[in-house]
Student: 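Would you mind keeping the following structure in view while I ask a few things?
What you are looking at is a predicted structure, and each value in this text was computed from that prediction instead of being measured.
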Amino acid sequence: MSLKIYNTLSRSKVDFEPIEPGKVRFYVCGPTVYAEAHIGHAMSALVFDIVRRYLMYSGYDVDFVMNFTDVDDKIIAKANELGEDPYELAEHYINEYKRNLEELNILPATKNPRATEDMPQIISMIETLIAKGSAYAVNGDVYYRVESKDDYGKLSGRKLASMSAGARIQVDERKDHPMDFALWKSAKPGEPAWESPWGQGRPGWHIECSAMNMTHLGEQIDIHGGGNDLIFPHHENEIAQTEAVTGKEFSRVWMHNGMLSLKAEKMSKSLGNMISVDQFLADHPADVMRLWVLNGSYRGPLIYSQEVIEQTEQAYQRLLGAKKAALPGAKGLEAAALEALNAEADKVKADFKEKMDDDFNTSGALAALYELVKAINQARAEGAKDEQLASAQAVFTELTGVLGLRLEEQKTAGGDADAFIDLLVRLRRDLRAEKNWALSDKLRDGLKDLGVILEDSKDGTTWSWE
RNA sequence: GGCGACGUGGCCAAGUGGUAAGGCAGGAGUCUGCAAAACUCUCAUCAUGGGUUCAAUUCCCAUCGUCGCCUCCA
């Protein structure tokens, strides 16, 4: 079975065939860096990290480019407000963003181009557009001529006629068409500016992605991704610009993730209910955020609420449980039962791939993994030894790894505490042998307060960090 | 007004033209000194109204509702 991906351009699932066999040119629109990352950014980044990891697992060599928009009106405004240098402000948030990505176990991009570092390519692309009649300069500004491309609007399904009719923005008389958008903006005094054939200025938002795409991945790419709020105008305009320059199809597949929504109300700056990645990670393991994203479809909305996160925490504990060792005093599994366990692992693996091949159905893939969790738990309960669980657990670790889940047992800073805890557990064993329940319970409760969970069975006690 | 998405059990959420995965929570058991974990069993007819069909939750139409975009946004 081959990989199918939902393509926004065709509004259907298509068989994925990269331009060059075995290689994937993948571009994702990164953030404009003027504030700390919130969990909506994280959702998008996680979605495309999962896509990328699965492509890699499927044997593709993935060239993954994610840009940073580091010159922009909002950055300038924020810098002025704080009395800081715009470039340094951008630099600061880029580093913060990268730190968040790392904490979320998101693989670093192959390249992280920045608008300010690709200025010559941006300018040359605008020059080409002017030369081809797709753009025009007016008093130091340059606009893209939307009417020059007859399929303008093909990604978002919009028609120029209806758009101009409903245009709400004050019409700039210097534009040929109200929907014409800026490729180059002339600089006001004091703003960051670059020298260009049209005078001092800076690039428009859309052109930088087109230019960085072309510079770092080439004229045609396989997958272009981003949030579905970027479909129009950003991606629509990227297509227009790039295809006007190259005369070729820009990206084979356009992928868009759904938006995060808070249960009761939208997360927005005006409501002041933004949740930053740092805030989330202060309270929950990174795996919980990833699992929360994996639970649903990347294309649909993702609901955030306290209840949902608590449910995800519980589900996370269940996944962790699959990696637990054999029970103390395990007698060993019969050959038939062991065979059944390993057969189940194989089945789950096939199932997992089938689901992921169907437009990254992570929810279905997760369901397969829970089947494996159950099989492993059953085997353990029936007395499987560590070495008998190993093979199925290896499959489990492999597949959860493909999804980018770490599922690491909580560890102490050093391992020094272990010996002391072991000592207490042995001590408690003696207390229990004497049926001194009061003291042994006190010991268990005390350890719980310190984050150590004791679990008794008739053949002994195991412990783990909470 | 235009474009688009969605409405599945208490919550989150897959999926299919032939009566609905999984997780969380709940109920009943097993195990246990108790607890925890685990295991077993249990818990929906898919917004509403029409239509197409031998058969629809799945296709079509309408209605109601929710949401996104159309201005910066992952």
Student: Between A/S251 and A/H224, is there a donor-acceptor pair closer than 3.5 Å when you use the side chain of the first and the backbone of the second?
Tutor: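 The answer is yes, because a donor-acceptor pair under 3.5 Å joins these two groups.
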
Student: Hey, are A/H41 and A/N100 close enough side-chain-wise for a donor-acceptor pair under 3.5 Å?
Tutor: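 Side chains of A/N100 and A/H41: no pair found under 3.5 Å.
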
Student: Classify the side chain of A/Q311 versus the base of B/C11 as yes if they form a donor-acceptor pair under 3.5 Å and no if they do not.
Tutor: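 When only heavy-atom distances are counted, A/Q311 does reach the base of B/C11 through a donor-acceptor pair under 3.5 Å.
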
Student: Provide the Watson-Crick or G-U wobble partner of B/C69, both distances under 3.5 Å; none if there is no partner.
Tutor: B/G2

Student: Say we look at B/G65 and B/C59: how far apart would their P atoms be, to the nearest angstrom?
Tutor: 23 Å

Student: Under 3.5 Å, is there a donor-acceptor pair between the A/E96 and A/H92 side chains?
Tutor: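 No, A/H92 and A/E96 have no side-chain donor paired with an acceptor closer than 3.5 Å.
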
Student: Does the aromatic ring of A/Y370 sit over the six-membered base ring of B/G23, closer than 5.5 Å centre to centre and tilted less than 30°?
Tutor: no

Student: Heavy atoms under 4.0 Å, any strand shown: does A/K355 hit a base, just sugar-phosphate, or nothing?
Tutor: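 It contacts nothing in the nucleic acid.
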
Student: Establish, from distance only, whether the side-chain atoms of A/Y27 and A/D63 form a donor-acceptor pair under 3.5 Å.
Tutor: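 The answer is no; no qualifying pair exists.
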
Student: Assess whether one donor atom and one acceptor atom, taken from the side chain of A/N295 and the base of B/G22, lie less than 3.5 Å apart.
Tutor: yes

Student: May I ask you to say what A/T32 touches in the nucleic acid, namely base, sugar-phosphate or nothing, with a heavy-atom cut-off under 4.0 Å?
Tutor: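 If one applies the 4.0 Å heavy-atom cut-off, A/T32 turns out to touch the sugar-phosphate alone, with no base involved.
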
Student: How is A/G225 classified with respect to the nucleic acid when contacts are heavy atoms under 4.0 Å: base, sugar-phosphate, or nothing?
Tutor: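 It contacts nothing in the nucleic acid.
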
Student: Ignoring hydrogens and angles, answer whether the base of B/G4 and the side-chain atoms of A/N228 contain a donor-acceptor pair closer than 3.5 Å.
Tutor: no

Student: Taking any heavy-atom pair under 4.0 Å as a contact, classify A/N377: base, sugar-phosphate, or nothing.
Tutor: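 Sugar-phosphate only.
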
Student: Take A/A438 and A/T312, find for each the nucleotide of RNA chain B with the closest heavy atom, and name the residue whose nucleotide sits nearer the 5' end.
Tutor: A/T312

Student: Hey, does the side-chain of A/S363 have a donor or acceptor N/O within less than 3.5 Å of a partner on the base of B/A21?
Tutor: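 Result: at least one qualifying N/O pair found.
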
Student: Looking across every strand, which nucleic acid part, if any, lies under 4.0 Å from A/E371 by heavy atom: base, sugar-phosphate, or nothing?
Tutor: sugar-phosphate

Student: Between B/G29 and B/G7, how far apart are the P atoms? Round to whole Å, please.
Tutor: 38 Å

Student: Per the salt bridge (Lys or Arg N to Asp or Glu O under 4.0 Å) rule, which among A/D73, A/D141, A/D72 passes with A/K185?
Tutor: A/D73

Student: Regarding A/R444, tell me which of base, sugar-phosphate or nothing describes its non-hydrogen contacts under 4.0 Å with the strands shown.
Tutor: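 Since a base atom lies under 4.0 Å of A/R444, the category is base.
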
Student: Just checking A/T362: base, sugar-phosphate only, or nothing, at a heavy-atom cut-off of under 4.0 Å?
Tutor: nothing

Student: Which part of the nucleic acid, if any, lies within contact of A/R299, taking any heavy atom under 4.0 Å across all strands shown: a base, the sugar-phosphate backbone alone, or nothing?
Tutor: nothing

Student: Classify the nucleic acid contact of A/L291 as base, sugar-phosphate or nothing, counting any heavy atom under 4.0 Å across all strands shown.
Tutor: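 The residue A/L291 makes no contact with any strand.
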
Student: Across all strands, who's sitting opposite B/U40 as a Watson-Crick or G-U wobble pair, both distances under 3.5 Å?
Tutor: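 In the structure as shown, B/U40 has B/A28 as its Watson-Crick or wobble partner.
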
Student: Calculate the interatomic distance between A/K13 atom NZ and B/G15 atom P; express it in whole Å.
Tutor: 6 Å

Student: Let's test this: given Watson-Crick or G-U wobble pairing with both distances under 3.5 Å, identify the partner of B/G33.
Tutor: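 B/G33 is paired with nothing.
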
Student: So what does A/K374 touch, heavy atoms closer than 4.0 Å: a base, only the sugar-phosphate, or nothing?
Tutor: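 Touches sugar-phosphate only.
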
Student: In whole angstroms, how far is the C1' atom of B/A38 from the NZ atom of A/K323?
Tutor: 19 Å

Student: Would you classify A/I231 as touching base, sugar-phosphate or nothing, given that sugar-phosphate means primed atoms plus P, OP1 and OP2, and contacts are heavy atoms under 4.0 Å?
Tutor: nothing

Student: Does NZ or CZ of A/R158 fall inside the cone over A/F232's six-membered ring, less than 6.0 Å from its centre and within 45° of the axis?
Tutor: yes

Student: Given atom OH of A/Y298 and atom P of B/A14, what is their separation to the nearest angstrom?
Tutor: 12 Å

Student: Rounded off to whole Å, could you give me the CE-to-P distance for the A/M259 and B/A74 pair?
Tutor: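 Taking CE of A/M259 and P of B/A74, I get 9 Å after rounding.
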
Student: Does A/A368 or A/E455 map to a spot on RNA chain B nearer the 5' end, using the closest nucleotide for each?
Tutor: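 Closer to the 5' end of RNA chain B: A/A368.
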
Student: Under 4.0 angstrom, heavy atoms only, what part of the nucleic acid is A/D456 near: base, sugar-phosphate, or nothing?
Tutor: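 Since a base atom lies under 4.0 Å of A/D456, the category is base.
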
Student: Mind calculating the distance between CD (A/Q314) and P (B/C24) to the nearest angstrom?
Tutor: 8 Å

